[in-house]
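Start at 1 and go down the list; that is how both ligands and their atoms are numbered. Just so you know, these numbers use all the heavy atoms, side chains as well, and skip hydrogens, waters and symmetry mates.
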Amino acid sequence: MTQNRIYLDHAATSWPKPEAVYAEMDRYAREVGAVAGRGAYAEAMEGERLVRRCRADIAGLLGESEPERIVFTQNGTDSLNLAIHGLLRPGDHVVTTVCEHNSVLRPLRFHQQKRDVRVTYVRCDGEGFVSPDDIAAAILPGTRLVAILHASNVTGAIQPAEEVGRIAAEREIPFLLDAAQSLGHLPISAKALHQPLIAAPGHKGLLGPLGTGILYIPPGLESRLESLKQGGTGTRSDEDLQPTSLPDKYESGNLNVPGIVGLGEGVRVAVHRAHGNEERSLCRALLEGLAQIPGLTLYGPKSHVRRVGVVSFNLAGFEPQELAALLDSAYHIQVRAGIHCAPRMHQSLGTSPRGTVRISVSVGSTTYQDINTVIEALREIAAS
Ligand SMILES: Cc1ncc(COP(=O)(O)O)c(C=O)c1O
């Protein structure tokens with residue numbers, strides 16, 4: 001593996017993690033090494049304390065005062081599956097968008113095929129934005145879920161989540177926000193978004209390790225949201241009924257404590273970044289440089305303002321996979337190419353079936369020098 005790699009695939013997972021993430025995971029594994037919430041000895045209680053702290057910090061990030069509303073999962077996909085499978089009943093109608101990731105599209109498709117659930121896919125405009133009016137117009141009497149992504153992992157477009165949340169709340173329809181590309185990148189207030197379910201990985205913007213994710217359960221929804229797994233929770237162990245209290249209802253089996261300990265450290269760094277403008281500035285420098293390259297087509301919002309640091313493009317004469325491979329082999333620049341698990345998004349952009357090349361940046365890892373290097377590399381390739 002190359003040490004001098006320029007890693008620009010942060011939308012897949014952030015890397016490197018803050019030093020404290022590695023250090024605390026190592027300390028936990030070597031010195032604590034106990035399960036959390038299931039023992040009265042010092043190490044088990046230390047595990048429980050660290051899990052509680054991480055839960056509270058993530059709740060704080062969302063402006064939520066009840067930490068138990070944060071449920072730990074394995075990744076963003078796991079969180080979205082819990083929300084979708086836990087809420088939908090046969091015959092329900094769902095409003096979603098063409099911008100979604102397969103982690104939303106495929107669970108919905110499953111319900112379409114097996115449970116007679118109907119799904120409306122709301123279109124986006126040429127820049128990748130969804131209109132709240134289109135969401136409102138798609139709602140039917142039987143609509144039981146509105147599910148949209150907050151920021152696109154293809155175009156970087158930030159969707160009008162607040163307005164969509166208001167539309168759903170006014171109609172008392174549960175609202176699921178896929179915050180995979182926004183949590184840790186943007187300030188997110190559950191209250192301002194009208195209390196959606198918020199699904200997010202821990203390993204992207206929150207800077208935690210792979211194998212971590214969260215689902216925020218808004219007040220009242222726990223009575224409607226079924227648990228997908230049942231088992232040991234370390235609480236009410238004399239009963240064979242799954243507890244109904246949060247977070248135990250949705251957290252069966254031992255937690256990924258080493259991962260959550262690392263996530264806790266990541267969140268403490270991410271909280272500062274989410275409120276800064278640095279990602280926007282990096283994105284602006286990248287967009288401005290890419291726009292000057294002959295034969296390069298940019299997709300998504302023209303401005304850096306309503307975008308996270310995710311930029312998709314194609315270069316005339318190159319397949320996306322070929323260009324990504326060339327950037328890696330000749331320049332040690334690591335980007336992603338293809339459909340990025342969002343097939344309907346590419347149908348809308350006109351980039352099916354090959355997709356796009358995607359650069360994604362992260363504050364604290366990506367430098368302006370990295371941006372200049374990738375722009376220079378693409379300029380050289382375009383001129384070759
Ligand atoms: C928009 C979006 N949703 C969901 C996911 C799934 O997250 P995870 O990889 O943690 O399962 C991703 C991951 O790339 C994503 O970009």
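Looking at ligand 1, you won't find any N or O of Ser103 less than 3.5 Å from one of its N or O atoms. No N or O atom of Leu80 sits closer than 3.5 Å to an N or O atom of ligand 1.
Neither the backbone nor the side chain of His340 has any atom closer than 4.0 Å to an atom of ligand 1 (non-hydrogen atoms only). Contacts between Asn75 and ligand 1 below 4.0 angstrom, taking non-hydrogen atoms only, involve backbone and side chain alike.
Ligand 1 is never approached by Gln74 to a heavy-atom distance shorter than 4.0 Å.
Within a 6.0 Å radius of CZ in Arg354, no more than 12 heavy atoms belonging to other residues, nucleotides or ligands are found.
Just one residue in the list Thr97, Val130, Asp134 forms a side chain to side chain contact (heavy atoms under 4.5 Å, CB included) with Arg123, and that residue is Asp134. Just one of Thr77, Asp78, Asn75 meets the side-chain hydrogen bond (donor to acceptor under 3.5 Å, both in side chains) condition when paired with Ser103; it is Thr77.
A donor atom on one side chain and an acceptor atom on the other are not found under 3.5 Å apart for Thr373 and Glu376.
With hydrogens left out, the protein atom closest to atom 6 (C) of ligand 1 is Thr77 OG1, 3.5 Å, a heavy atom. If you check which protein heavy atom lies closest to atom 8 (P) of ligand 1, you get Gly76 N, 3.6 Å. Among all protein heavy atoms, the one lying closest to atom 4 (C) of ligand 1 is Asp178 OD2, 3.5 Å. The single protein non-hydrogen atom nearest to atom 2 (C) of ligand 1 is Ala180 CB, 3.3 Å, given as residue, atom name and distance. The nearest heavy-atom contact from the protein to atom 15 (C) of ligand 1 is His101 CD2, 3.3 Å.
Near Pro201, meaning under 4.0 Å from any of its heavy atoms, are these atoms of ligand 1: 7 (O), 10 (O).
Salt bridge absent: Glu265 and Arg27 never bring a charged side-chain N and a carboxylate O closer than 4.0 Å.
Among Lys204, Gln181, Glu100, His150, the residue whose heavy atom sits closest to atom 13 (C) of ligand 1 is Lys204.
In this structure the side chain of Leu140 reaches within 4.5 angstrom of the side chain of Arg118, judged on heavy atoms.
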Kindly indicate, with the supporting measurements, whether the criterion side-chain contact (heavy atoms from CB on, under 4.5 Å) is fulfilled by His150 and Ile158. CA-CA 6 Å; His150 198 187; Ile158 299 170; 4.3 Å; yes
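Taking the six-membered ring for Trp and the full ring otherwise, the centers of His111 and His85 sit less than 6.0 Å from each other.
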